[in-house]
Amino acid sequence: MISLNTGICRMLGIEYPVIQAGMAGGPTTAELVAEVSAAGGLGTLGAAYLTPGKLREDIVEIRKRTDKPFAVNLFAPVPKDDFSRLDEVKRALQPICQELAIEGQSAEYRSPDHGEELFRVCLEMGVPIISTAFGSLPPEHMREAKAQSIKIIAMATTVNEAMEAQAAGADAIVAQGSEAGGHRGSFSFERHPMGAQVGLMALLPQVADAVDVPVVAAGGIMDGRGLVAALALGAQAVQVGTRFVGAKESGAHQAYKQAIFDSDEESTVVTRSFSGRPARGINNSFIERFESSGTKPLPFPSQNTVTKEIRAAAAKAGNPEFMSLWAGQATRNLRQEEGAAEIVSSMMEQAGALLQ
């Protein structure tokens, strides 16, 4: 018999095996995180693009709203900037800048690097759970986090990555299938330039068999049916991203939400165009025009920094054709905003009914 009171729930101190994905870049407001946690799931603050000061503010706000556990998601160390081909990329972006009335692209760019400071804020403020993308915490950080009894969740897209994360000290592994929206947690791209495209149904049982720590399923999970299926395949919880992007408490732009509500299972593509790192999002004019230019994007995070002003101008104009519309492949049933607590409760009600 499949139980909804799983070991990872007890380990993390949560009531339900539903984790809201830590989506950096705006969707995960303090309100969203607190609502998910208060409803019995695990809310996660996507902190990778925040300043240390903003992270402190959000942690304080989350704790004002709930006394339940929550997580902070950080990027593992990322490569340094590489703007060696900046002029070439700027030429490819110039027509889009003109269309959005961006007057003159910046002459110089520099990606912010607050990784060390963000980790220190998590330690100082006693964050109970840290999740990581793009790899594991460095060994020294892992030791410091463990010394404060912080639980560590790492995302993986292959069995080898999952085993590496377990060896590094992760307390739980998110097995993230190719259906997942946004940047997946791939450790490297040496074997697969666009990341290992292993679907969740194939990946999940193999990861569950290969590691001894609890496994969380992610990628294309939207409802209680996905939760029950994931538990049957060896997961102890699910991580849900795209459905929470459309939540009332999400910080996503309304045009971004509407693009998700209007999309279906054929709407997304995997692209490097916005950030330099493969990410799944709804296909739009920016992706089509940049890729048709034949210009190779800069590596992450440099491409992400160069396209930031375009994304900001598109958001200001409410134009989704030039926004990064990160989304997974299971959007057909999402058609309107829901409250975060409602999402958690409806998933659990449907899962419970299926298990009766």
Can you sort out the partners of Y16 under ring pair (Phe, Tyr, Trp, His ring centres under 6.0 Å), two or more places apart, ordered by chain and number?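 Ring pair (Phe, Tyr, Trp, His ring centres under 6.0 Å) check on Y16 returns nothing, list empty.
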
According to the salt bridge (Lys or Arg N to Asp or Glu O under 4.0 Å) rule, which pairs have a member within residues 112-138, sequence neighbours left out?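 The answer is R56-E124, K80-D113, E116-R120, R120-E144.
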
Pairs meeting criterion salt bridge (Lys or Arg N to Asp or Glu O under 4.0 Å) with involvement of residues 272-299, two or more places apart: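 Found E99-R289.
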
Using a strict threshold of under 4.0 Å (side-chain N to carboxylate O), is an ion pair present between E337 and K257?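 A salt bridge links K257 with E337.
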
With a cutoff of under 4.5 Å between side-chain heavy atoms, which Ile, Leu, Val, Met, Phe, Trp and Tyr residues group with M125?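 Cluster partners of M125: V33, L45, L50, L55, I59, V60, I62, F70, V72, L74, L118, F119, V121, L123, V127, I130, L137, M142, I150, I152.
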
Treating [X] as the side-chain partner and [Y] as the backbone partner, does any N or O pair qualify as donor plus acceptor under 3.5 Å?
X    : Y    : result
Q197 : G195 : yes
T132 : F75  : no
S186 : S188 : no
Q236 : G7   : yes
D58  : A30  : no
T268 : G281 : no

With side-chain hydrogen bond (donor to acceptor under 3.5 Å, both in side chains) as the criterion, how do H183 and S275 come out once you've worked through the C-alpha distance, each side chain's angles and the decisive distance to 0.1 Å? CA-CA 9 Å; H183 297 92; S275 73; 2.7 Å; yes

State, yes or no, whether a side-chain contact exists between [X] and [Y] at a heavy-atom distance under 4.5 Å.
X    : Y    : result
F300 : F134 : yes
Q239 : M155 : yes
L32  : F244 : yes
Q20  : L42  : no
L93  : T307 : yes
L227 : P17  : yes
V240 : I19  : no

If two hydrophobic side chains count as joined below 4.5 Å and joins carry through other members, does I14 share a cluster with V36?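 Result: no, two separate clusters.
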
Same hydrophobic cluster for M201 and V216, using side-chain heavy-atom links shorter than 4.5 Å among ILVMFWY?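 Not linked; separate clusters.
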
For R65, what residues pass the salt bridge (Lys or Arg N to Asp or Glu O under 4.0 Å) criterion, not counting sequence neighbours?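 For R65 the salt bridge (Lys or Arg N to Asp or Glu O under 4.0 Å) partners, ignoring immediate neighbours, are E61.
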
E321: salt bridge (Lys or Arg N to Asp or Glu O under 4.0 Å) partners, not counting sequence neighbours: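 Per chain and number, E321 pairs via salt bridge (Lys or Arg N to Asp or Glu O under 4.0 Å) with no residue.
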
How close do L298 and D82 get, counting heavy atoms only, and between which atoms?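 Smallest interatomic distance, heavy atoms only, reads CD2-O, 3.9 Å.
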
Please report the closest heavy-atom contact between A314 and M323, naming both atoms and the distance.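 Between these two residues, the closest heavy atoms are O-CE, 3.5 Å.
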
Report the C-alpha separation of E88 and R91 in whole Å, then their side-chain angles, then the decisive distance to 0.1 Å, and conclude whether the salt bridge (Lys or Arg N to Asp or Glu O under 4.0 Å) test is met. CA-CA 5 Å; E88 178 186 350; R91 283 194 297 271; 5.6 Å; no

Option among N73, L12, D171, V213 that satisfies the side chain to side chain contact (heavy atoms under 4.5 Å, CB included) test with I153: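 With I153 as partner, N73, L12, D171, V213 yield a single side chain to side chain contact (heavy atoms under 4.5 Å, CB included), made by L12.
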
Begin with the C-alpha distance, continue with both residues' side-chain angles, and end with the deciding distance and a verdict on side-chain hydrogen bond (donor to acceptor under 3.5 Å, both in side chains) for T331 and S263. CA-CA 6 Å; T331 58; S263 69; 2.7 Å; yes

Indicate the ring-plane relationship of F286 and F322, choosing parallel, tilted or perpendicular according to the 30° and 60° boundaries.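 Geometry flag for F322 against F286: perpendicular rings.
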
Nearest 0.5 Å please: distance from the OG atom of S346 over to the CD atom of E338.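 Going from OG on S346 over to CD on E338, the span is 6.0 Å.
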
Does the ring centre of W326 sit less than 6.0 Å away from the ring centre of Y256?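 No - the distance between ring centres of Y256 and W326 does not fall below the 6.0 Å cut-off.
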
